[in-house]
Amino acid sequence: MEDCLTTLRGRIESCCESACSCFRKNQDKPDSSVVIPNLHAESRDPDRPLRPSPFPPVPAKPMGKLFAAQYDYQARTDDDLSFHAGDKLEILKETDSGWWIARALDGASANRSGYIPANYVAPLESLGAQMWYFADTKRVEAEKLLQAKGNQNGSFLIRQCESQPGELSLSVLHDETVKHYKIKQLDGQFYIIRSKGFSSLMDLVQHYSTMDDGLCVRLRKPCRKAIVPQTIGLSYNTADHWEIPRSSVQLLCRLGTGQFGEVYEGMWNNTTAVAVKKPKPGSVNLQNFLQEAQFMKKLHHPKLIQLYAVCTIGEPIYIITELMRNGNLLEYLQRDKGKTVNLSDQVEMAAQVAAGMAYLELQNYIHRDLAARNVLVGENNICKVADFGLARVFKSEGDDDDDEDEDGGVYEMSKGTKLPVKWTAPEGLHENKFSIKSDVWSFGILLYEIITFGTLPYPMFTNLQVVHQLRSGYRMPCPSNCPKRVYEVMRDCWKDSPYDRPTFETLQWTLEEFCDLDVSSYADADRY
Ligand code: ATP
């Protein structure tokens with residue numbers, strides 16, 4: 001076993017080594033303007049602390065590509081560059097690790113250089129660099145964002161219109177409600193009212209910022225970008241090399257306890273809040289985990305919890321991920337019970353989960369334990385799928401706690417494997433067969449959990465009874481207050497044959513379309 005692990009770690013090291021040599025190769029390219037220290041190679045010893053390494057001075061006149069920061073970024077290591085949304089940056093080196101080297105041209109870090117997360121910036125003058133442009137934002141999301149703290153009357157954003165791809169919408173906050181206006185494009189001109197065309201969106205925004213001219217209110221500040229994208233890894237040198245020193249992680253407080261261990265809020269490098277999963281000693285099959293983590297690390301999607309790093313040298317292992325302030329979706333819904341979350345939010349949350357799963361579907365990845373307890377919630381009802389693939393790496397063989405009561409009847413032993421019976425598709429229960437289509441079955445159950453604010457599925461049945469009932473074709477009835485169309489989605493997920501169940505891609509657009517049905521929220525400018 002130890003040999004096995006040594007070989008595996010060796011493979012991971014050599015993988016990192018080749019990533020390092022790629023990086024070094026890039027550095028070998030002649031580049032007179034900047035000399036980049038070989039930081040990556042030096043980071044290979046996980047117990048060596050991050051060392052300060054100021055970047056050498058660069059010419060005062062910008063020679064590289066100019067970008068604008070979209071979000072605030074606070075340096076996490078001494079080699080990072082802090083910046084604020086709107087700051088101008090010159091890109092000195094692009095790498096494909098998700099981290100670039102840049103120099104700040106203005107703002108508090110002016111003239112300093114360092115690593116920046118590449119997904120926090122957009123080319124200067126591009127649409128993406130405009131603080132009011134929220135490219136992939138759905139109508140319901142736009143409403144949540146504009147109604148969140150930090151915005152005021154006249155706060156606005158422009159987004160792609162989900163009901164008509166390629167079209168744009170303007171969303172504006174007015175008297176605590178959000179109005180949406182279609183932006184028409186004709187002969188290279190942008191219009192909100194037919195009689196007034198603009199040659200660019202910037203000109204249109206400029207015009208309506210000076211006067212309301214038929215809108216409910218004059219455009220004031222761009223909507224606050226409250227949802228900051230996840231970085232690839234915690235820093236440039238954990239992006240490829242994900243084994244980090246245990247000493248760099250501080251455990252602060254326990255967030256929860258799961259079937260296989262505890263989860264803590266933690267702090268990495270004294271700078272970055274993270275979640276740290278600490279499985280019970282001996283509960284993880286380390287070899288499977290290291291294999292799985294190799295793949296999990298490459299999965300990046302805004303609706304999936306980002307795996308940042310691991311500490312696997314010595315027990316207990318740490319699995320370090322992004323932190324979600326509102327905990328798991330099951331408890332979130334049970335706490336809310338409809339006080340703040342309405343039907344449109346519920347469907348929108350389900351659509352977010354479907355979006356994360358559609359990405360896994362595209363990567364040919366199977367979750368195996370999709371349920372509301374494994375979806376985490378951030379601010380503004382942002383939902384992200386967690387624990388994908390982990391069901392494979394937790395040891396259950398030989399476990400003797402096959403008692404339903406132990407964990408509320410969620411998991412039950414089946415041929416040496418623990419299964420979340422009420423979420424598992426019939427082919428999983430009877431033949432131990434798992435596929436993306438068995439995840440679709442589980443998604444149907446998760447949709448039931450969402451609509452019922454976290455009711456235990458099949459409330460009248462034990463796990464064993466569920467197994468028997470499903471064999472005879474039983475399916476849960478439509479929950480009260482659940483629209484027929486949403487129940488139809490559940491029933492599609494619970495089709496007997498996996499082939500007859502929808503794909504996650506279809507589930508995503510079906511649910512998104514449902515969110516967008518409320519066209520009454522689109523306003524006409526007064527003189528349209
Ligand atoms: P199971 O072990 O059966 O999958 P679980 O998913 O609830 O159950 P864990 O993944 O160990 O178990 O998580 C325990 C609890 O810790 C979660 O229910 C959640 O409330 C909290 N938690 C887990 N991950 C995070 C995170 N990244 N951010 C914030 N809270 C988290």
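Both counts, for ligands and for their atoms, begin at 1 and track the order of listing.
Residue A275 approaches ligand 1 through these ligand atoms, each under 4.0 Å from one of its heavy atoms: 26 (C), 27 (N), 28 (N). Atoms of ligand 1 found under 4.0 Å from any heavy atom of V263, numbered from 1 in the order shown, are 9 (P), 11 (O), 13 (O), 14 (C), 16 (O), 22 (N), 23 (C), 24 (N), 25 (C), 31 (C). Every atom of ligand 1 is numbered from 1 in the order shown, and the set under 4.0 Å from a heavy atom of D387 is 4 (O), 6 (O), 10 (O).
The backbone and the side chain of N328 each have at least one atom closer than 4.0 Å to an atom of ligand 1 (non-hydrogen atoms only).
The side-chain tip of K225 points at the ring of Y71 from less than 6.0 angstrom away and within 45° of straight on.
Close N/O approach between M324 and ligand 1 is found [any backbone or side-chain N/O within under 3.5 Å]. Where the criterion is an N or O separation shorter than 3.5 Å, residue side chain and backbone included, N374 meets it with respect to ligand 1.
Between R159 and E141, no side-chain nitrogen of the basic residue sits less than 4.0 Å from a carboxylate oxygen of the acidic one, so the salt-bridge criterion is not met. Look at E348 and K138 and you find no salt bridge, because none of the NZ, NE, NH1 or NH2 atoms lies under 4.0 Å from a carboxylate O.
The aromatic rings of Y474 and F461 lie perpendicular to each other, with more than 60° between the two planes, well past the 30° mark. Between Y365 and F388, the ring planes lie perpendicular to each other; the angle is over 60°, past the 30° to 60° tilted range.
Taking only non-hydrogen atoms, the option from E322, R254, E265 nearest to atom 27 (N) of ligand 1 is E322.
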